[in-house]
Amino acid sequence: DPQLEIVVGGYQSPTSTSPLFAVNHNGSPVSGFPYVVGEKIKSGVALADLDDNGKDDIIFGTDGDNLYVLLDNLTVADGFPIDLGSNIRSEPSVLNTGNEKIIFSGCENNSMYAVNFPSGSIRFEIETGDDVYTSASFVEDVNGLEVYFGSDDGYVYGVDLNGTAIDGFPMYISDDAILGAVVFSDLDNDNLID
C-alpha cells in the first residue's frame, strides 16, 4: 500500500526466538511479521529496493556477526547473510550509484565494511583503532562519491568507493568516541560542502 511501515529488530531471549518486526501505519503487523531471525538485533535497519522490484528490502546486522538482506518476499538474498566476524551494532547504509549497490556496515571488530550487492562479496574493509558504531554517510564532491564514518578511536574516516583514504583522513576529532553519523552542509555559505 502507499503507507509507510515501521521496521525494528528484536533483542530477546532465547536468541533463537529473536524477531524482526514490521508494523503498518495503523499499528497492525505487516503480513509475515514478526519474522523470526533467530539472532539478536541491537541496531536499526536500512530499507532499500535492492532487487529493483519497486519494494523495499530490509538490511540489518546482528549480534551473531551476520549482515542480512531480507528481500520483500521474506527470503534472505543469495550470498547473505555475511559473517563479518563480530557483533554488528551500527545501522547499515546503502549507496545506489545507479550502476551498483553497496552496503556499508560498521562492526565491533574495529572495521567498516563495504559489501557489493547482489554478490555479497566484500568490496573493502577499513580497519580503525576501535569499534565502529556509526553509519556511513555519503557525499558527492568534485572528485566523485565519498564515504565518511566515525570510530570509537576518536577519528572520522573518509574514503572513496575503492576504500582509498581521502586527503586529510582519517581526521582526529577527540579522545571520545565518534557516536553519530557524519552530516554535510555548506555552513559558511562558500558553496563548498562542510
Side-chain angles (χ1 to χ4, degrees), residues 4 6-9 42-52 54-61 67-69 77 80 82 84 86-194:
L4 296 176
I6 299 167
V7 181
V8 63
K42 193 162 190 175
S43 60
V45 305
L47 303 173
D49 182 11
L50 293 176
D51 58 3
D52 294 323
K55 297 179 182 177
D56 282 343
D57 305 302
I58 305 170
I59 305 95
F60 58 94
L67 179 66
Y68 280 84
V69 173
F80 290 85
I82 300 169
L84 297 185
S86 191
N87 294 337
I88 301 170
R89 299 239 173 117
S90 71
E91 291 77 16
S93 299
V94 178
L95 177 63
N96 184 345
T97 69
N99 297 322
E100 56 190 341
K101 295 173 185 156
I102 309 164
I103 302 167
F104 292 84
S105 182
C107 194
E108 281 193 336
N109 63 1
N110 305 348
S111 293
M112 172 64 77
Y113 291 88
V115 177
N116 295 311
F117 185 86
S119 70
S121 61
I122 303 290
R123 183 184 187 99
F124 60 79
E125 174 187 355
I126 305 298
E127 294 182 12
T128 74
D130 208 334
D131 297 332
V132 178
Y133 295 113
T134 65
S135 297
S137 301
F138 317 112
V139 68
E140 188 153 11
D141 171 286
V142 293
N143 299 317
L145 283 165
E146 298 175 341
V147 181
Y148 292 88
F149 63 94
S151 171
D152 272 15
D153 64 4
Y155 284 83
V156 169
Y157 292 77
V159 298
D160 64 19
L161 293 186
N162 296 314
T164 304
I166 295 167
D167 285 345
F169 288 89
M171 180 183 291
Y172 178 74
I173 302 298
S174 80
D175 288 337
D176 295 323
I178 307 299
L179 298 177
V182 175
V183 295
F184 311 98
S185 180
D186 180 10
L187 294 172
D188 54 6
N189 294 316
D190 64 355
N191 295 317
L192 299 172
I193 296 293
D194 302 310

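This is a predicted model, so every value here is computed, not measured.
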Shortest non-hydrogen separation from [X] to [Y] and the atoms involved:
X      : Y      : answer
Gly129 : Ser151 : N-OG, 4.4 Å
Ser137 : Ala181 : OG-CB, 3.8 Å
Glu108 : Ser86  : CB-OG, 3.5 Å
Phe80  : Asn116 : CZ-O, 4.3 Å
Ser93  : Ser135 : OG-CB, 3.5 Å
Gly106 : Ser90  : N-OG, 2.9 Å

Handout entry: Stepwise side-chain contact (heavy atoms from CB on, under 4.5 Å) check, Leu84 with Ile122
Key = CA-CA 9 Å; Leu84 297 185; Ile122 303 290; 4.0 Å; yes
Exercise for the section: With the side chain counted from C-beta on, respond yes when Val182 and Thr134 share a heavy-atom pair under 4.5 Å apart, and no when they do not. Expected result: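 In short, these two side chains do not touch, never coming nearer than 4.5 Å.
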Problem - Close side-chain approach of Asp57 to Asp49, heavy-atom, < 4.5 Å - result: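 Heavy-atom side-chain distance check passes, below 4.5 Å.
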Practice task
Identify, with sequence neighbours excluded, every residue that meets side-chain contact (heavy atoms from CB on, under 4.5 Å) alongside Ser43.
Solution key: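 side-chain contact (heavy atoms from CB on, under 4.5 Å) list for Ser43, sorted by chain: Glu91.
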Problem - For Leu187, side-chain contact (heavy atoms from CB on, under 4.5 Å) partners two or more places apart - result: Ser185, Asp194
Contacts table for residues 158-171: side-chain donor-acceptor under 3.5 angstrom, sequence neighbours left out:
{"unit_1": "Asp160", "atom_1": "OD1", "unit_2": "Asn162", "atom_2": "N", "d": "2.8"}
{"unit_1": "Asp160", "atom_1": "OD1", "unit_2": "Gly163", "atom_2": "N", "d": "3.1"}
{"unit_1": "Asp160", "atom_1": "OD1", "unit_2": "Thr164", "atom_2": "N", "d": "3.0"}

Problem - Side-chain (Thr128) to main-chain (Asn110) donor-acceptor, under 3.5 angstrom - result: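 Yes: the side chain of Thr128 pairs with the backbone of Asn110.
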Practice task
Say whether, by atom type as modelled, one donor and one acceptor occur between the side chain of Asn96 and the main chain of Lys101 under 3.5 angstrom.
Solution key: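 The answer is no, because no donor-acceptor pair under 3.5 Å joins these two groups.
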Exercise for the section: May I have the step-by-step check of side-chain contact (heavy atoms from CB on, under 4.5 Å) for Ile59 and Phe117, ending in yes or no? Expected result: CA-CA 11 Å; Ile59 305 95; Phe117 185 86; over 6 Å; no
Completion exercise
Given the options Tyr157, Phe149, Tyr113, Phe138, Phe104 meets ring pair (Phe, Tyr, Trp, His ring centres under 6.0 Å) only with Phe138
Problem - ring-ring contact (aromatic ring centres under 6.0 Å, His included) involving Phe124 - partner list, sequence neighbours excluded - result: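 With neighbours one apart ignored, the set is empty.
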Exercise for the section: Could you go through the side-chain contact (heavy atoms from CB on, under 4.5 Å) check for Val132 and Ile126 one step at a time? Expected result: CA-CA 10 Å; Val132 178; Ile126 305 298; over 6 Å; no
Handout entry: salt bridge (Lys or Arg N to Asp or Glu O under 4.0 Å) contacts in which one or both residues fall within residues 117-143, not counting sequence neighbours
Key =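 Residue pairs passing salt bridge (Lys or Arg N to Asp or Glu O under 4.0 Å), neighbours aside: Glu100-Arg123.
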Exercise for the section: State which residue, out of Leu67, Asn87, Ile88, fulfils the side-chain contact (heavy atoms from CB on, under 4.5 Å) condition with Cys107. Expected result: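 Only match with Cys107 under side-chain contact (heavy atoms from CB on, under 4.5 Å): Ile88.
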Practice task
Could you grab the distance from atom CG of Leu50 to atom CD1 of Ile58, nearest 0.5 Å is fine?
Solution key: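 Reported to 0.5 Å precision, the distance equals 11.0 Å.
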Practice task
Enumerate the residue pairs fulfilling ring pair (Phe, Tyr, Trp, His ring centres under 6.0 Å) with a member in residues 171-194, sequence neighbours excluded, ordered by first and then second residue.
Solution key: Tyr148-Phe184, Tyr155-Tyr172
